[in-house]
Amino acid sequence: MKIINIDQAQTQLYQLIESVCNGEGVVLSEAENPVARLVVYQDAKQNRQPGLWEGQVVMAEDFDDDFPNEVLAVSMGHETSA
């Protein structure tokens, strides 16, 4: 892992980006204290595919048999009396 002062990083930004893209860890520091980490950007939004898990997940018929009635009522959208 490469630790580099922020002032140095300003003049070496392109090289630091190349290092990160090649899998090297880069930490920016200020007065010898780590303050930030450079990481490869990954788009968080992924297209979903409906039905991808179809047939792979099975819920038992009796999965909720041991739930207290109060929990079942809330999960069904019914209010319980206290």
**Prompt:** Can you tell me if CG on Asp62 sees more than 12 non-hydrogen neighbours from other groups inside 6.0 Å?
**Reply:** yes
**Request:** Answer yes or no: are there more than 12 heavy-atom neighbours, outside Gln42 itself, under 6.0 Å from its atom CD?
**Result:** no
**Request:** With sequence neighbours excluded, give me every side chain to side chain donor-acceptor pair (under 3.5 Å) pair touching residues 17-34.
**Result:** Lys2-Ser19, Tyr14-Glu18
**Request:** Indicate, with yes or no, if Val57 and Leu52 share a hydrophobic cluster defined by side-chain heavy-atom contacts under 4.5 Å among Ile, Leu, Val, Met, Phe, Trp and Tyr.
**Result:** yes
**Request:** Each residue besides Leu28 in its hydrophobic cluster should be listed here, by chain and number; the cluster joins Ile, Leu, Val, Met, Phe, Trp and Tyr at side-chain heavy-atom distances under 4.5 Å.
**Result:** Ile4, Ile6, Leu16, Val20, Val26, Val35, Leu38, Val40
